[in-house]
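Before any comments, here is the structure.
Counting from 1, the numbers follow the sequence of the chain as shown. The figures that follow rest on heavy atoms only: side chains count, while hydrogens, waters and symmetry mates do not.
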Amino acid sequence: MTNYLDFAFGLLGNIVSFMVFLAPLPTFHQIYKRKSSEGFQSVPYVVGLFSAMLWIYYALLKPDTTLLITINSVGCFIQTTYICFYLFYAPKSARLQTLALVFLLNVVGMGLIVVLTQFLAKGSNRAAIVGWICLVFSLCVFIAPLCVVRQVVRTKSVEYMPFLLSFFLTLSAVMWFFYGLIRKDYNIAIPNVLGFIFGVIQMMLYVMYKNTKKVVEEKLQEIQMEDHHKIPEQIIDVEKLSAVVCSEIINNPVFVPRLNGAEMAKPEIETLIISSYLEKHPRNGS
């Protein structure tokens, strides 16, 4: 019975995690349309590749972990594709930064973990050490969305926190938690507790703030409509005033004084004419 549950949760974990891996596709569609990856970050994909590589190495040290190997192998392929696509459209500076990060994290970092654990640890100790590294790294990955959560609370906008991504991450955490719990592999189970908690928090925030942007847009439209109606009225009033002033000038020429023998500037003349008119014809309520 335990083996069947193990396989069931592992299979469901594979399916849901595959959906999570496909979540960035709209981002890369936008990059393709713009023909530039400027403004986007490559860090999530480099970190995702490192995480998949780390879990594959851990799974190879443990018995009966085929489902863990399959999904992370797919993850490695997808994340590598994302990184290559990003590099193709990235500006030179971003391309160099991404390549440096890939080299430091995925080549040097992963290489050191493999070499040190192979030479300094033996047997079950090797799997235990790699398991602890996976656990700590997974905790860090699950804590990372706190930045997004803080931004949502501060801006009261869920623009940068898609609901479907939060939902699938939460569902993935549930599946892999039970997979690890049934197998009594707490290196898999423990990080997914935190993943589940943060996933629920993100979905709650989405429900709280999902309509905030719509309300703001509606208010902006109302303000723009009011301004649109006010501007023609103001133009009409100015045109009427100009016409009346011109007729007043024709009927009642205004004496324009000179200052120190120099003629007054045009704006000063206009101001004097309008002031003279307003003195003779004061507006009601002003």
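At least one donor-acceptor pair under 3.5 Å links the side chain of Tyr82 to the backbone N or O of Phe21. At least one donor-acceptor pair under 3.5 Å links the side chain of Thr81 to the backbone N or O of Phe77.
Looking at heavy atoms from C-beta onward, Val207 lies out of side-chain contact with Met203 at the 4.5 angstrom threshold. Looking at Arg126 and Tyr57, their side chains come closer than 4.5 Å, going by heavy atoms from C-beta outward. Side-chain contact check for Met53 versus Asn106: some heavy-atom pair is nearer than 4.5 Å. The closest side-chain heavy-atom distance from Cys76 to Ile56 is below 4.5 Å. At a threshold of 4.5 Å between non-hydrogen side-chain atoms, the residues Thr65 and Arg183 count as touching. Contact check for Ile188 versus Leu68: side-chain heavy atoms found under the 4.5 Å cut-off. The shortest distance between side-chain heavy atoms of Val47 and Phe137 falls below 4.5 Å.
Pairs engaging residues 11-21 under the side chain to side chain donor-acceptor pair (under 3.5 Å) rule: Asn14-Thr70, Ser17-Ser172, Ser17-Trp176 [sequence neighbours left out].
Nearest heavy-atom pair across Val130 and Leu54 is CG1-O, 4.5 Å. Contact between Gly48 and Gln79 at its shortest, heavy atoms only, is C-CG, 3.9 Å. When all heavy atoms are compared, the tightest approach of Leu87 to Arg95 is O-NE, 3.0 Å. Across all their heavy atoms, Ala189 and Phe177 have their closest contact at O-CD1, 3.4 Å. Residues Ala90 and Ala94 approach most closely at CB-CB, 4.2 Å, considering heavy atoms.
A cation-pi arrangement, defined by a distance under 6.0 Å to the six-membered ring centre and an angle within 45 degrees of its axis, is absent between Lys184 and Tyr186.
A side-chain contact (heavy atoms from CB on, under 4.5 Å) with Tyr45 is found for exactly one of Phe50, Phe28, Phe85, namely Phe28.
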> Hey, mind stepping through Ser37 and Phe88 against side-chain contact (heavy atoms from CB on, under 4.5 Å) and telling me if it holds?
Replying inline: CA-CA 9 Å; Ser37 59; Phe88 184 78; over 6 Å; no
